[in-house]
Amino acid sequence: MSTESYIRLLYSCRNVFHIKQVHANVLINGTFNNLVVANKLLYFYVQHKAINDAHSLFDEMPIRDPTTWSVMVGGFAKLGDYSNCYATFREILRNGVTPDNYTLPFVIRTCRDRKDFQMGQIIHDVVLKHGLQLDHFVCATLVDMYAKCMVIEDARKLFDIMLSKDLVTWTVMVGAYADYDAYESLVLFDRMREEGFVPDKVAMVTVVNACAKLGAMHRARFVNEYICMNGLSLDVILGTAMIDMYAKCGCVDSARQVFDRMKEKNVISWSAMIAAYGYHGKGKEALDLFHMMLSCGISPNRITFVSLLYACSHAGLTNEGLRFFDLMWEEHAVRPDVKHYTCVVDLLGRAGRLDEAWKLIETMTVEKDERLWSALLGACRIHGNMELAEKVANSLLELQPQNPGNYVLLSNIYAKAGKFEKVAEFRDMMTRKNLKKVPGWTWIEVDNKTYQFSVGDRSHPQSKEIYEMLMSVIKKLEMAGYVPDTEFVLQDVEEEVKKEMLYTHSEKLAIAFGLIAIPKGDHIRISKNLRVCGDCHTFCKMVSDIMRRSIIVRDSNRFHHFNEGTCSCGDYW
């Protein structure tokens, strides 16, 4: 039989048994030394996931070429046998075979999937040694590997030197920045379009995720318009991402519109919409949607119950949340994990039932994490339970001794109790451990542009007007009874100094700018990287009442909708 006949025969094989018959025929007819036929046999064994048969054939082959090695490396990689993938690649180098742009991407993807940055660097050195750093396929895969390993700077360097970039490479880079720097992700998206690339559905999902991270409403609207103009259908993945995007940009009504437009929904889509209501304190709507989901025959999963319990917690629906927690296993066979317990601890903490929350933690069988302890510590702060706070703090610091946020939260609790010697003690501990408090930043959208403020910031071109507006507003608030809550200043300084420090918190500066630049009747939307402090929360409530402005604040914990002197969080966050 000719080489072409054997190849045609292999393509007609439907299973491993048929491949073995061809293999036997090759051996009988003495065609095994034909490298093209042997490589095709090897390839088809790998394609049918018969890796042991492929390996036996590989060991018996008297002659091997780069294709032979590539097929074996790729076979191990596709089946997730990473150790043999690495071992085979080492054999390639030991045998003096030059790796090509088919073999290298397989090994690099293995590093990516394992997030094995160290091995990735070694492979990168091999790429440089063999002069393949400008090869499109190799370079694109390296960019992807560095991005998934969160070494964004190295990924960007490679991306920038690539002679040609395709849609996949652009999408990888945009997606990498979506997790690392959402603003830069959107800048890259604009550049991609300027260079003539038309984003597909996969690319749009990464951009939608970047908008969700940034909380930029004007970009969210643009992305929505772009998707509609280009006729991209709202499938489960894109639709669910857009629900999350609108929810995190502060517009739960738009999230619901997307949800209602989706022709197909799965349990993740329903859970995302329930979570969206939860972020915004709309517990009743979350519960109604859950019951609608059940009536549509969709079975809830663990993510659904996290979303549901979170919604109950943030809406103060204590009894409903406890009932759902009990029904998880009894009616839906979903075993609670630490995230569910965290929601219930938060639920009980909101209701002031700290002893019950503590007992629940003591009796739970799943492994406890820092979020669980943080939820209880936050409740201790709200309700002023110093004794329990110290117990919880010990457990939290054992788990995360290097997290500066834990020390700051404890300092807040001691400062509230007037125990400034303890505040100083924790500050000393942070200094000894070389821990620094994460600086607070606030972002605000004005005229489709995002502005950033830090505490005491004077970098804005309209800084003079911003401070004048802020002082004017504070005077109006003080006339209405506003008294700065200086317990949120941890430093043991004079009362007047504490007030001055509070007055220039980043969210106050952003709101003052919003009052200048955003027309009356429009929402003032701000985002903060940390939890909003109690004094700024009071400030926002009073501004919404005295200045008759609706303010939406997204902090690290939840959304706050301020209207007519009240907040959607019910003053618990």
Side-chain angles (χ1 to χ4, degrees), residues 74 77-78 80 101 105-106 108-115 136-152 155-156 158-160 162 164-216 219-249 254-255 258-259 261-273 303:
K78 284 176 181 175
N101 64 358
F106 278 121
I108 296 165
R109 284 191 203 105
T110 296
C111 300
R112 175 201 67 188
D113 294 342
R114 296 187 70 197
K115 292 187 169 53
H136 172 76
F137 297 108
V138 174
C139 198
T141 318
L142 279 169
V143 168
D144 190 23
M145 183 271 295
Y146 279 124
K148 292 296 188 299
C149 291
M150 293 308 293
V151 189
I152 307 298
R156 185 60 184 266
L158 281 169
F159 177 80
D160 287 341
M162 285 181 72
S164 66
K165 304 175 181 77
D166 60 13
L167 180 59
V168 173
T169 313
W170 276 102
T171 302
V172 164
M173 208 63 240
V174 170
Y177 272 104
D179 292 327
Y180 178 75
D181 180 346
Y183 182 79
E184 184 62 22
S185 176
L186 296 176
V187 170
L188 276 173
F189 171 65
D190 291 338
R191 261 188 61 197
M192 176 174 77
R193 290 188 304 110
E194 286 165 8
E195 295 197 16
F197 289 94
V198 179
D200 60 8
K201 206 172 280 188
V202 176
M204 289 313 300
V205 168
T206 65
V207 174
V208 166
N209 289 336
C211 286
K213 279 256 182 186
L214 197 60
R219 294 308 300 246
R221 290 195 187 106
F222 168 77
V223 166
N224 190 19
E225 287 169 11
Y226 188 89
I227 287 167
C228 293
M229 279 169 40
N230 287 277
L232 295 175
S233 60
L234 281 182
D235 62 11
V236 167
I237 296 172
L238 182 57
T240 303
M242 286 186 67
I243 290 168
D244 186 58
M245 172 188 76
Y246 270 125
K248 289 177 178 172
C249 288
S254 295
V258 171
F259 179 79
R261 273 165 49 201
M262 290 172 67
K263 291 178 181 175
E264 183 189 348
K265 306 175 185 81
N266 65 6
V267 65
I268 306 299
S269 315
W270 286 90
S271 301
M273 193 62 233
I303 298 169

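Note that this is a predicted model, so its numbers are computed, not measured. FYI, the numbering just counts along the sequence from 1. The analysis underlying the following values was restricted to heavy atoms, covering all of them including side chains, and did not include hydrogens, waters or symmetry mates.
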Inset, instruction - Specify the closest pair of heavy atoms between R221 and Y246, including all atoms of both residues, with the distance to one decimal. - result: CA-OH, 4.0 Å
Inset, instruction - Check the pair D244 / K248 against salt bridge (charged side-chain N to carboxylate O under 4.0 Å, His left out), numbers first and verdict last. - result: CA-CA 6 Å; D244 186 58; K248 289 177 178 172; 3.3 Å; yes
Inset, instruction - Count the heavy atoms of every other residue, nucleotide or ligand shown that sit under 6.0 Å from CZ of F222, and state whether that count exceeds 12. - result: yes
Inset, instruction - Calculate, to the nearest 0.5 Å, the distance between atoms CZ and CG belonging to R191 and L186 respectively. - result: 14.0 Å
Inset, instruction - Using a cut-off of 6.0 Å, state whether more than 12 heavy atoms not belonging to Y226 lie near its atom OH. - result: yes
Inset, instruction - Look at R109 together with D113 and state whether they make a salt bridge at an N to O cut-off of under 4.0 Å. - result: no
Legend entry - Distance-minimising heavy-atom pair for A220 and C249: CB-SG, 3.9 Å
Inset, instruction - Drop me the distance from R156's CZ to D181's CG, to the nearest 0.5 angstrom. - result: 9.5 Å
Inset, instruction - Taking atom types as modelled, find out whether H136 and N101 have a side-chain donor-acceptor pair closer than 3.5 angstrom. - result: no
Legend entry - Distance-only polar pair, side chains of T169 and D166, donor-acceptor under 3.5 Å: yes
Inset, instruction - Sort out for me which residue in D200, V172, V202 forms a side chain to side chain contact (heavy atoms under 4.5 Å, CB included) with L167. - result: D200
Inset, instruction - Assess whether atom CD1 of I237 is packed by more than 12 heavy atoms of other residues, nucleotides or ligands within 6.0 Å. - result: no
Inset, instruction - Could you please spell out the steps behind the side chain to side chain donor-acceptor pair (under 3.5 Å) verdict for S233 and K201? - result: CA-CA 8 Å; S233 60; K201 206 172 280 188; 2.7 Å; yes
Legend entry - Note, F259 side chain near W270 side chain (heavy atom, < 4.5 Å): yes
Legend entry - Rounded distance (nearest 0.5 Å) linking atom SG of C111 with atom CG of D144: 11.5 Å
Inset, instruction - Please name the pair of heavy atoms, one in D235 and one in L238, separated by the smallest distance, quoted to 0.1 Å. - result: OD1-N, 2.9 Å
Inset, instruction - Please check if any side-chain donor atom of N266 sits under 3.5 Å from a side-chain acceptor atom of S269, or the reverse. - result: yes
Legend entry - Stacked cation flag R193 on F197, 6.0 angstrom / 45 deg: no
Inset, instruction - For residues S271 and V267, report the shortest heavy-atom separation together with the two atoms involved. - result: OG-O, 2.7 Å
Legend entry - Interatomic distance, Y146 atom OH to L158 atom CG [nearest 0.5 angstrom]: 6.5 Å
Legend entry - T171 OG1 to F189 CZ distance, which is reported to the nearest 0.5 Å: 9.5 Å
Legend entry - Test salt bridge (charged side-chain N to carboxylate O under 4.0 Å, His left out) applied to K165 and E195, step by step: CA-CA 10 Å; K165 304 175 181 77; E195 295 197 16; 5.7 Å; no
Legend entry - Shortest non-hydrogen separation from A77 to F106 and the atoms involved: CB-O, 4.1 Å
Inset, instruction - Return the minimal non-hydrogen interatomic distance between A210 and A182, and the atom names on each side. - result: O-CB, 3.4 Å
